[in-house]
Chemist: 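Below you will find the structure I want to go over with you.
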Amino acid sequence: MATILTSATAVQAFVIRGNQETGLSPALKAGIVLGLALTLPLTLISAGFMSSVGSHWVGGAASDAGGLSLMGWARDGGDLRVAHFFSTHAMHVVPAFALVSAYVFGANNRRPVMVFAVVYVVFVAGVFTQALAGRPFI
């Protein structure tokens, strides 16, 4: 069910990208499309790996008791939930950056949004690799 739900983001990205009459600025439209489009592959990788190993802990205690407040992420080892969290929320973070970018760099300038999307993918890959190495996020 989670795969079906997440797959909807790719469909939404495709539909919004093809709609010429959204009324959105090019920067904001790019942010929405990129955020939605990135959510599916990033989430499938992080959640799929977590599912295949049967746990989200890598090293450290297999308990949330000593985890970060609010999120519960492990503080004594790697936690794959961090990459999963940021993967799933690409659909929020990238468009939010696009809003700021449209104000700062101009509503027609899509380049900062595209650069941010690439940086965001690198960030998610980094926290995923960090967790696989058994190192805590914070």
Side-chain angles (χ1 to χ4, degrees):
M1 190 62 182
T3 303
I4 293 169
L5 189 63
T6 307
S7 297
T9 63
V11 173
Q12 292 167 340
F14 182 77
V15 170
I16 293 168
R17 183 179 178 274
N19 186 346
Q20 301 301 320
E21 300 178 20
T22 61
L24 300 170
S25 71
L28 184 55
K29 184 175 178 180
I32 292 169
V33 169
L34 287 169
L36 288 168
L38 289 173
T39 297
L40 177 62
L42 293 176
T43 302
L44 285 178
I45 291 168
S46 62
F49 185 83
M50 201 172 7
S51 176
S52 73
V53 296
S55 176
H56 56 82
W57 294 293
V58 179
S63 170
D64 291 333
L68 290 172
S69 59
L70 185 64
M71 302 307 279
W73 296 337
R75 293 189 301 176
D76 62 348
D79 196 329
L80 296 168
R81 293 177 297 180
V82 178
H84 181 262
F85 175 84
F86 288 112
S87 296
T88 304
H89 291 287
M91 71 174 103
H92 305 113
V93 176
V94 178
F97 176 83
L99 275 172
V100 173
S101 175
Y103 180 75
V104 174
F105 299 110
N108 292 323
N109 191 355
R110 296 179 310 174
R111 185 175 306 271
V113 178
M114 290 186 224
V115 170
F116 180 80
V118 170
V119 169
Y120 194 80
V121 169
V122 171
F123 169 73
V124 171
V127 296
F128 184 70
T129 305
Q130 181 180 357
L132 289 176
R135 295 192 318 263
F137 178 61
I138 296 176

Chemist: Taking the ring centre of each residue, are F86 and F128 less than 6.0 Å apart?
Modeler: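 Not under 6.0 Å, so no.
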Chemist: Within this structure, what is the OG-CE distance for the pair S101 and M114, rounded to the nearest 0.5 Å?
Modeler: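 Output value for this atom pair is 10.0 Å.
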Chemist: Are L40 and M1 co-members of a hydrophobic cluster defined by side-chain heavy atoms under 4.5 Å apart?
Modeler: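 Looking at the clustering, L40 is in a separate group from M1.
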Chemist: Could you tell me which non-hydrogen atom of P95 sits nearest to which non-hydrogen atom of G35, and how far apart they are?
Modeler: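 Between these two residues, the closest heavy atoms are CD-CA, 4.3 Å.
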Chemist: Are the side chains of N19 and I16 in contact, using a 4.5 Å heavy-atom criterion?
Modeler: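 No, their side chains stay 4.5 Å or more apart.
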Chemist: May I ask you to check whether over 12 heavy atoms, not counting those of R110, lie within 6.0 Å of atom CZ?
Modeler: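 Open.
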Chemist: Side-chain contact, heavy-atom cut-off 4.5 Å: L80 with S46?
Modeler: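 The answer is no, as the side chains (C-beta and beyond) never meet within the 4.5 Å cut-off.
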Chemist: Same cluster or not: are F105 and V100 linked, directly or through other Ile, Leu, Val, Met, Phe, Trp or Tyr residues, by side-chain heavy atoms under 4.5 angstrom apart?
Modeler: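 Same cluster.
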Chemist: Which distance, rounded to the nearest 0.5 Å, do you find between the OG of S87 and the CE of M50?
Modeler: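 CE of M50 is found 8.5 Å from OG of S87.
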Chemist: Does V53 reach the side chain of F49, with side-chain heavy atoms less than 4.5 Å apart?
Modeler: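 A side-chain contact exists here, since the closest heavy-atom pair is under 4.5 Å.
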Chemist: At what distance, to the nearest 0.5 angstrom, does CD1 of I32 lie from OG1 of T22?
Modeler: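 So the CD1 of I32 and the OG1 of T22 are separated by 7.5 Å.
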Chemist: Which heavy-atom pair separates A98 from A27 by the least distance, and what is that distance?
Modeler: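 Closest approach of A98 to A27: CB-O, 3.6 Å.
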Chemist: About how many Å separate CZ of R81 and CG of D79, when rounded to the nearest 0.5 Å?
Modeler: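 Nearest 0.5 Å value for the CG-CZ distance: 4.0 Å.
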Chemist: What's the spacing between R135 CZ and T129 OG1 if we round to 0.5 Å?
Modeler: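 These two atoms lie 8.5 Å from each other.
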Chemist: Test of understanding: clusters of I, L, V, M, F, W, Y form through side-chain heavy atoms closer than 4.5 Å, transitively. Do L34 and F116 belong to the same one?
Modeler: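 Yes: a chain of side-chain contacts under 4.5 Å links L34 to F116.
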Chemist: Any side-chain heavy atom of F97 within less than 4.5 Å of one from Y120?
Modeler: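 Side-chain contact under 4.5 Å: no.
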Chemist: Do F137 and I45 belong together in a cluster built from hydrophobic side chains that touch within less than 4.5 Å?
Modeler: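 They do not share one cluster, since no chain of ILVMFWY contacts under 4.5 Å joins F137 to I45.
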Chemist: How many angstroms lie between OG1 in T6 and CG in L36, if you round to the nearest 0.5 Å?
Modeler: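 Separation between the atoms: 11.5 Å.
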Chemist: I need the minimum non-hydrogen distance between A107 and P26, along with the two atoms involved.
Modeler: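 In this case the closest contact between A107 and P26 is O-CD, 3.3 Å.
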Chemist: Any chance you could lay out the side chain to side chain contact (heavy atoms under 4.5 Å, CB included) test for T43 and H84, step after step, and finish with the verdict?
Modeler: CA-CA 6 Å; T43 302; H84 181 262; 4.0 Å; yes
Chemist: Under 4.5 Å between side-chain heavy atoms, hopping through other hydrophobics if needed: is there a path connecting L38 to V113?
Modeler: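 Shared cluster, yes.
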Chemist: Please name the pair of heavy atoms, one in L132 and one in V58, separated by the smallest distance, quoted to 0.1 Å.
Modeler: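 Smallest interatomic distance, heavy atoms only, reads O-CG1, 3.5 Å.
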